[in-house]
Amino acid sequence: MVGFRTSALATAALAAIASAQTFQRLGTCPTLGCILPPDAQDFLAGQFFDIRVEVHAPVNGSEATNGVPDTNFALTIGKVGEAGVPAAQFFGVDEPALEAWNFTWFEDLFAQDAKTPSLVNVAAKAYRRVALYEPGSYEAVLTYNGTNTTAVWDVRDLSEVRKTKNVLLFIGDGMTTNMITAARLIAHKQKNGRYLTKMALD
């Protein structure tokens, strides 16, 4: 019984180590569909930006598909709670040309040590110099292979952006940049590199 327990614990430990070695996906690509700008971004009303969407089709590795990306993917945009509209129609622009390329990456340190990269074929489109003019929350939905990737963007009205009039600088002991950053990392959750809450001094 003791031997079985020891074996089980060792197996669990090895599984934990193996999972810890896996490289995590970025927020822009939570699945095989990618939307840039990613989820939880905010813009000023009328601010120009580019949108890029990608559909990945791994040839090998743990996420391997048939290696052929869905070229019939669709991107819709609309305010949260409303029906989405095809992106080109929403922004009043021509549908961008379909792009295709591939890249390789290592899923984990074991694959890196063995020099066995995963090959990924990509289909993508880029919508250049578009803007959201009405304040509110917008939902971008990328549909491909019967599944979705969603990003929610917040658009702020210019009148809501406060202008700084006076600046007070406090210099306190134990408040170097690395200490403040450590406090933020410990006390506040992040999403796509943005803190979901703020410290009192922020």
Side-chain angles (χ1 to χ4, degrees), residues 10-43 47-77 84 86-88 91 93 95-130 138-154 177-178 181-182 184-186 188-196:
T11 302
L14 286 172
I17 292 172
S19 63
Q21 304 296 324
T22 303
F23 297 126
Q24 296 184 358
R25 285 186 164 276
L26 297 177
T28 53
C29 299
T31 58
L32 295 178
C34 312
I35 300 178
L36 295 98
D39 187 32
Q41 302 302 300
D42 49 322
F43 308 92
Q47 172 186 344
F48 288 109
F49 62 100
D50 293 346
I51 299 174
R52 182 170 198 82
V53 290
E54 300 177 0
V55 174
H56 295 177
V59 176
N60 58 313
S62 63
E63 296 179 308
T65 63
N66 60 1
V68 180
D70 181 6
T71 57
N72 295 316
F73 64 83
L75 175 66
T76 59
I77 296 179
F91 292 113
V93 298
E95 188 69 30
L98 183 68
E99 304 172 13
W101 75 90
N102 60 55
F103 68 91
T104 58
W105 73 300
F106 295 104
E107 287 192 354
D108 51 44
L109 293 178
F110 301 118
Q112 186 172 340
D113 291 340
K115 294 182 172 55
T116 54
S118 296
L119 173 64
V120 181
N121 292 322
V122 181
K125 289 183 179 179
Y127 300 80
R128 304 292 186 186
R129 195 174 166 76
V130 297
Y138 291 79
E139 188 174 54
V141 180
L142 174 62
T143 303
Y144 61 97
N145 292 330
T147 187
N148 296 329
T149 295
T150 302
V152 176
W153 305 324
D154 290 322
T177 302
N178 57 338
T181 301
R184 285 195 182 99
L185 291 172
I186 293 171
H188 301 270
K189 292 183 178 179
Q190 294 184 58
K191 188 173 185 179
N192 293 330
R194 298 171 62 88
Y195 291 102
L196 301 182

**Complete:** With sequence neighbours left out, the residues meeting salt bridge (Lys or Arg N to Asp or Glu O under 4.0 Å) with D154 are none

**Item:** Value rounded to 0.5 Å, distance of CG in L75 from CD1 in I51
**Value:** 6.0 Å

**Message:** Aromatic contact between F49 and F43, with the criterion being ring centroids under 6.0 Å apart: yes or no?
**Reply:** yes

**Item:** Backbone N/O of F110 and side chain of D108: donor-acceptor pair under 3.5 Å
**Value:** yes

**Message:** Could you work out, with side chain to side chain donor-acceptor pair (under 3.5 Å) as the rule, every residue matching N66, not counting sequence neighbours?
**Reply:** none

**Asked** Honestly, is K115 close enough over F106, meaning NZ or CZ under 6.0 Å from the six-membered ring centre and within 45° of the axis?
**Response** no

**Request:** Check the side chains of E107 and S62 for a donor-acceptor pair under 3.5 angstrom, ignoring hydrogens and angles.
**Result:** yes

**Asked** With the threshold set at 4.0 Å, does a side-chain nitrogen-carboxylate oxygen contact exist between E54 and K125?
**Response** no

**Prompt:** With no hydrogens and no angle check, is any side-chain donor or acceptor of Y144 less than 3.5 Å from a backbone partner on N72?
**Reply:** no

**Message:** Check whether T149 reaches the backbone of G33 with its side chain - one donor and one acceptor, N or O, closer than 3.5 Å.
**Reply:** yes

**Item:** Any T65 side-chain heavy atom under 4.5 Å of L32 side chain
**Value:** yes

**Asked** Are the side chains of F103 and H56 in touch, meaning some heavy atoms are under 4.5 Å apart?
**Response** yes

**Asked** Can you find a heavy atom in the side chain of D39 that is under 4.5 Å from one in the side chain of T150?
**Response** no

**Message:** Checking D70 now: which residues fulfil salt bridge (Lys or Arg N to Asp or Glu O under 4.0 Å) with it, not counting sequence neighbours?
**Reply:** none

**Prompt:** Is there side-chain contact between W105 and L119, with heavy atoms separated by less than 4.5 Å?
**Reply:** no

**Request:** Would you mind reporting whether P69 and V122 have side-chain heavy atoms less than 4.5 Å apart?
**Result:** no

**Message:** Do R128 and P96 make a side-chain contact, defined as non-hydrogen atoms from C-beta onward lying under 4.5 Å apart?
**Reply:** no

**Prompt:** Do you know which two heavy atoms are closest between W153 and A140, and how far apart they sit?
**Reply:** CH2-CB, 3.8 Å

**V130 vs F48 side-chain heavy atoms within contact, under 4.5 Å** = no

**Asked** Where is the tightest heavy-atom contact between A64 and V59, given as atom of each residue plus distance?
**Response** CB-O, 3.7 Å

**Prompt:** How far does SG of C29 sit from CG of L142, to the nearest 0.5 angstrom?
**Reply:** 10.0 Å

**Prompt:** Where is the tightest heavy-atom contact between G61 and S118, given as atom of each residue plus distance?
**Reply:** CA-OG, 3.8 Å

**Asked** Does the side-chain contact (heavy atoms from CB on, under 4.5 Å) test come out yes or no for T143 and V141, once each step is laid out?
**Response** CA-CA 6 Å; T143 303; V141 180; 4.0 Å; yes

**Request:** Please round to the nearest 0.5 Å and tell me the distance separating atom OG1 of T71 and atom CG of N121.
**Result:** 12.0 Å

**Request:** Look at the side chain of E63 and the backbone N and O of P58, then say whether any donor-acceptor pair between them is shorter than 3.5 Å.
**Result:** no

**Prompt:** Donor-acceptor pair, N60 side chain versus P117 backbone, under 3.5 Å?
**Reply:** yes

**Request:** For the residue pair Y138 and V152, establish whether any side-chain heavy-atom pair is separated by less than 4.5 Å.
**Result:** no

**Item:** For the student: nearest non-hydrogen atoms of A151 and P37, plus distance
**Value:** CB-O, 4.2 Å

